[in-house]
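Okay, structure first, notes after.
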Amino acid sequence: MLQTRGLTRAFSRRTVVDGIDIDVVPGRVTGFVGANGAGKTTTMRMILGVLAATSGDVLWDGLPISVAQRRRIGYMPEERGLYPRMPIAEQLVFLARLYGLTTEDARARALDLLEHFGLADRKDDLLDSLSLGNQQRVQIAASLIHRPDALVLDEPFSGLDPLAVDAMTDLLLREAGDKPLLFSSHQLDLVERLCDDLVILSAGRVVAAGSVEELRGQGPERFRVVLEDDDAAWLRDLRGIAVRDVDGSTALVDLDGVAAPELLASITERSRVGEFARVHQPLSDIYREVA
Amino acid sequence: MTTTPDSHRTEVPAWRIVAEREITTRLRQKSFLISAAVLVVGVVAIVVLGSVFGDRPKHYDVATTDPRSTAVVEAASTTLAASHEDSDIAVRSAPSPARAEALVEDGTGDAALLRTVAGFRLVGAREVAGDLSAVLTTAVQRAALDANAEAQGVDLSALQSGAQVDQVLLDPDAENAEARSTLAFVMVLLFYATAVIFGITIAQSVVQEKESRIVEILAAAVPIRSLLWGKVVGNSVLAFGQVALVVVAGVAALSVTGSNDLLADTGGALAWFVAFFVLGFLGMAGLWAVAGSLASRQEDLQSTTMPGNLILFAPYMIAVAAGEGVKTVFSMLPITSAMLMPARLAEGSVPWWQLGVAVAANVVALVLTIRFGARIYERTLMRTERRIGFREALTLSD
């Protein structure tokens, strides 16, 4: 497990990251969400050790992380970076060797990944001759090149079209397997689809953290009610619920003291119910509430 | 994250992998190969042209019409051959003075030596080559002196006894002085050009990684210091390789063109040149890397490489223009000595203690600049957003 405890970073007197605790559990995808400037990138840089922490710790399996262990993290920085004028296979081999692979192993691994990403026939092409989407694939391959034990990816999907995002997430989840994976994004729909756990950052502090279900469970239970041939406005008269919205025969209600079966019973007393369904609160709502 | 040993992993030090990439990347650049080839060809050309236009044997043709003139020309030919190897003066016999002058006019003869009432007349087309005129004049005077002495019954050798002057040059460096100072100048130029070119290459290579942002991945993979060492070693190897190649080509050209005595005189200076190049270049390498790490884009290099350029340009100017005293002092200071000391060695001998001071100063400077460079480099490499000033870099903390 990859954790941070009290991780803090100040630039001159401005504290950008302020006592952050994160748990990235193996086999679970942890989403790291927050507005621009909330401190996501700074936190990830401190996890990788490319930026020194002002205070606090990064832990691996409960102990302060060693240099060797840090090297076993696959990293994709927010600002993409590879050598623009170097053949793609060659730079993957270069990076793999820096991470300690033998030359033969590095070659095999690079070709394997390029094959995987559908770039095998372009292995000798210069990076800047590839499309942006393909460059991004090479970038992800670079973060996976040394078979890392954990993945820290800063905005891995930004700038990709939806189809490319789908292809990339499949690949990533397959590669991540049972390793801890932390990725930041501000595409909440994507985070919602991919993540098991969530850490929401605002102004350098963690404002919410936990599994997606837990976070959703924090809010009131919400139901969508659709009546047949009746205006739903009368639901406002019922006790034990709060009506959020009414649109003709459809209403959105939060339970506030009454249980779902009782509510359904009391509605069916007056109207025929076409639909009565639990509504999961979209992540964007949770995000808006806490951030 | 288990740290069990893994058969797939090796411990090739990261700096070596970085250095390898620097070298292979450069060796694949056409511009690099072309500039190295141009340099080698240039040095060989200087040597070859120098030998062609320098001391090549001279052949003159002098037209004469009578045996006295012919005897004088033959005597002059012997004198010329004594001072200029393989040189001679051939006699062209002409039936009359007019025909002799015609030979000079049409270029068959370089000059004509004709008898007159007072003695001799030396005729040239537009001019008579200085050394030809000199040996002929001496020969005429000698012949006249001999003839007159005999006519007067005077023993010429008795008359001249005690008047012999033997010239002995105490300064052994006086020989080949011109060639030596040319060599010294070429060495200064070669150091200056190579150090600047490869220094800027280090800076460019650093800023390229900042600009492309790959530096963040590299920094996550290996210690920043390894990146610095890799760059310094890789580019230094390239620079040394190029200098060695140029020196070898120059020495080969010297020995092929038969300038072996010059080679014997200056071989030591050439060896010192290579040694000083290594010290001087390494002494600057850390500063060039810092120049790269302070920049955020290639355009910034112009200002961040300024100190490096100055450090090299100043001794270059001194080597070209300054007086002996200033040169002697600067030839013992770090980095500047790398340029000035080999030049002094090529031009003449240098006391051993001065050589020792120069080497020691360079080694000390090398250790200090590399340490200083590494510290600044580590602090500034990850700051990719803008250019950083030298003063600011010194006050930065991690």
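Proteins come first, then strands; the chains are lettered A, B, ... in the order of their sequence lines, and each starts at number 1. Note that the structure is predicted; figures quoted are calculated from it, not measured.
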Okay, A/Gln139 and chain B: the region with an atom under 4.5 Å from a heavy atom over there is side chain
Sequence neighbours excluded, the answer for side-chain hydrogen bond (donor to acceptor under 3.5 Å, both in side chains) partners of A/Asp23 is A/Gln3, A/Arg5
Give me the ring orientation class for B/Phe281 and B/Phe277: parallel if the planes are under 30° apart, tilted from 30 to 60°, perpendicular past 60°. parallel
### Verdict with supporting geometry, B/Glu216 and A/Arg80, side-chain contact (heavy atoms from CB on, under 4.5 Å)
CA-CA 9 Å; B/Glu216 200 167 338; A/Arg80 311 288 178 245; over 6 Å; no
So, the part of A/Met1 with a heavy atom under 4.5 Å from chain B: the answer is neither
Exercise for the section: Compute whether any side-chain donor of one residue and acceptor of the other, for A/Thr8 and A/Thr54, lie under 3.5 angstrom apart. Expected result: no
Heavy-atom closest pair (B/Met339 atom, B/Leu312 atom, distance to 0.1 Å) is CE-O, 3.3 Å
We want to know whether B/Asp300 and B/Ser296 form a side-chain donor-acceptor pair, criterion being a heavy-atom distance below 3.5 angstrom. yes
Looking only at side-chain N and O atoms, does B/Gln208 offer a donor or acceptor that is under 3.5 Å from a partner on B/Ser205?
no
Of A/Arg85, A/Glu90, A/Glu104, the largest count of non-hydrogen pairs under 4.5 angstrom with chain B goes to A/Glu90
Under a 4.5 Å heavy-atom criterion, the part of residues 20-28 of chain B in contact with chain A comprises B/Glu20, B/Arg21, B/Arg28
